[in-house]
Amino acid sequence: MTTCSQLASPVYSSTPVVDDDALLLEEVDFKWLMAGLGWWVNAERLHTDASYATHLLALAQASGSGAVCDCAAQLLAQSCGHPHLASCCSVSTH
């Protein structure tokens with residue numbers, strides 16, 4: 001299984017392009033890594049509740065796990081062009 005830290009760095013441009021398949025894989029990785037720390041992620045709520053998503057990203061940052069933090073950063077970078085997750089883009093994960 002590919003972990004978040006093994007994925008290629010996102011390419012930044014002035015016009016965000018979101019690869020929905022890559023974003024889905026990133027979300028699945030994030031859910032499993034968070035579950036491994038005892039934090040269950042509600043995918044529907046992650047997409048619809050910006051404060052919930054922000055809270056999860058903050059938990060990931062504070063987890064002390066490099067893999068979780070890297071995955072959160074990758075998810076955040078990939079989600080900035082996504083209509084449901086773009087509200088989280090102002091969150092810092094490092």
Side-chain angles (χ1 to χ4, degrees):
M1 178 176 177
T2 302
T3 63
C4 295
S5 60
Q6 294 172 327
L7 297 175
S9 298
V11 175
Y12 297 99
S13 69
S14 59
T15 305
V17 176
V18 177
D19 179 347
D20 286 333
D21 292 337
L23 182 58
L24 177 62
L25 290 174
E26 206 64 51
E27 288 178 25
V28 170
D29 283 347
F30 183 70
K31 282 184 66 169
W32 279 108
L33 288 168
M34 291 293 280
L37 296 175
W39 293 313
W40 307 107
V41 175
N42 179 324
E44 182 178 341
R45 192 169 173 201
L46 180 67
H47 286 237
T48 58
D49 185 342
S51 63
Y52 175 74
T54 301
H55 176 70
L56 287 177
L57 293 171
L59 283 175
Q61 179 183 3
S63 71
S65 166
V68 173
C69 192
D70 288 348
C71 188
Q74 191 78 337
L75 177 61
L76 184 64
Q78 288 188 9
S79 67
C80 284
H82 195 278
H84 299 295
L85 297 174
S87 59
C88 300
C89 291
S90 62
V91 177
S92 171
T93 56
H94 289 286

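What you see below is based on every heavy atom in this structure, not just the backbone, and it leaves out hydrogens, waters and symmetry mates. No experiment lies behind these values; they were computed from the predicted model shown.
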**Request:** Please report the closest heavy-atom contact between A67 and L33, naming both atoms and the distance.
**Result:** O-CD1, 3.8 Å

**Request:** Quick one: closest heavy-atom pair of A60 and M34, and the distance?
**Result:** CB-SD, 4.1 Å

**Asked** Distance from Y52 atom OH to L57 atom CG, nearest 0.5 Å?
**Response** 10.5 Å

**Request:** Given side-chain contact (heavy atoms from CB on, under 4.5 Å), test F30 with L56 step by step and report yes or no.
**Result:** CA-CA 10 Å; F30 183 70; L56 287 177; 4.2 Å; yes

**Fill in**
Interatomic distance, CD@Q74 vs CD@E27, rounded to 0.5 Å, equals 13.0 Å

**Message:** Would you compute the distance between atom CG of L75 and atom CG of D70 and round it to the nearest 0.5 angstrom?
**Reply:** 12.5 Å

**Item:** Euclidean distance, K31 NZ relative to C71 SG, rounded to 0.5 Å
**Value:** 12.5 Å

**Complete:** For residues 50-61, the salt bridge (Lys or Arg N to Asp or Glu O under 4.0 Å) pairs (sequence neighbours left out) are none

**Item:** Gap between atom CG of N42 and atom NE2 of H47 - 0.5 Å precision
**Value:** 9.5 Å

